[in-house]
Every structure is written in C-alpha cells, then in structure tokens.
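Input: a single structure, listed below in structure tokens.
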Amino acid sequence: MAKKPAAAATTITVEQIGSPIRREGKQRQTLIGLKLNKLHRTSTLEDTPSVRGMIEKVKHLVRVVDGQ
C-alpha cells in the first residue's frame, strides 16, 4: 500500500507577556511546558489540542502571535 504524504504540521507561536511571580505552581509549570520562562520570549509549537489547552490555562500570561 502507498503511504499517504504527511500533512504539514501547523504551528502556533506564543509570547509570554505576564510574569509567573505570585502564580500557582501549576501555571509556572504550564509556562515551562510551553517552553516559556521569561517575559517577551516566544516559542513556536505544534498546534495540537493539548497545546491549545495549555494556552487556555495561562491565557492571561501569554499572547498568540500567529496562528488561529
């Protein structure tokens, strides 16, 4: 059988705009999971439901730079 060509993985870029100081530990860990740890850092990640859920949990600390 012929293999289907791999679909181009869509990406999403997020920027940290809020400080994790005085935040719950889970929110700090979520930022680390998004590869963010300092203000104004950006991270390009694969656009998956799990990444979208992580962004939703810390939406007050991050900004989606591009992507839907």
Could you list the donor-acceptor pairs under 3.5 angstrom formed by side chains in residues 35-42, with sequence neighbours left out?
from, atom 1, to, atom 2, distance (Å)
Asn37, OD1, Arg41, NH1, 3.0

Checklist outcome for this item: Output for pair (Gln16 CD, Leu31 CG), nearest 0.5 Å, gives 5.0 Å
Item to check | CG on Leu45 to OG1 on Thr11, rounded to 0.5 Å | outcome: 8.5 Å
Next on the checklist: Do Thr10 and Glu46 have side chains that approach each other closer than 4.5 Å (heavy atoms only, starting at C-beta)?
Outcome noted: no
Checklist entry - Can you find a pair of side-chain heavy atoms, one from Ile12 and one from Ile55, that are under 4.5 Å apart? => result yes
Would you tabulate the side-chain donor-acceptor contacts of residues 17-27 under 3.5 Å, counting partners in other chains and residues two or more places apart, or write 'none'?
from, atom 1, to, atom 2, distance (Å)
Ser19, OG, Ile21, N, 3.1
Gln27, OE1, His60, NE2, 3.4

Item to check | Verdict with reasoning, Thr13 to Thr44, per side-chain hydrogen bond (donor to acceptor under 3.5 Å, both in side chains) | outcome: CA-CA 4 Å; Thr13 303; Thr44 302; 3.3 Å; yes
Item to check | For Lys57, all residues meeting side-chain hydrogen bond (donor to acceptor under 3.5 Å, both in side chains), sequence neighbours excluded | outcome: none
Item to check | Val65/Val14 under side-chain contact (heavy atoms from CB on, under 4.5 Å): CA gap, chis, key distance, verdict | outcome: CA-CA 5 Å; Val65 178; Val14 293; over 6 Å; no
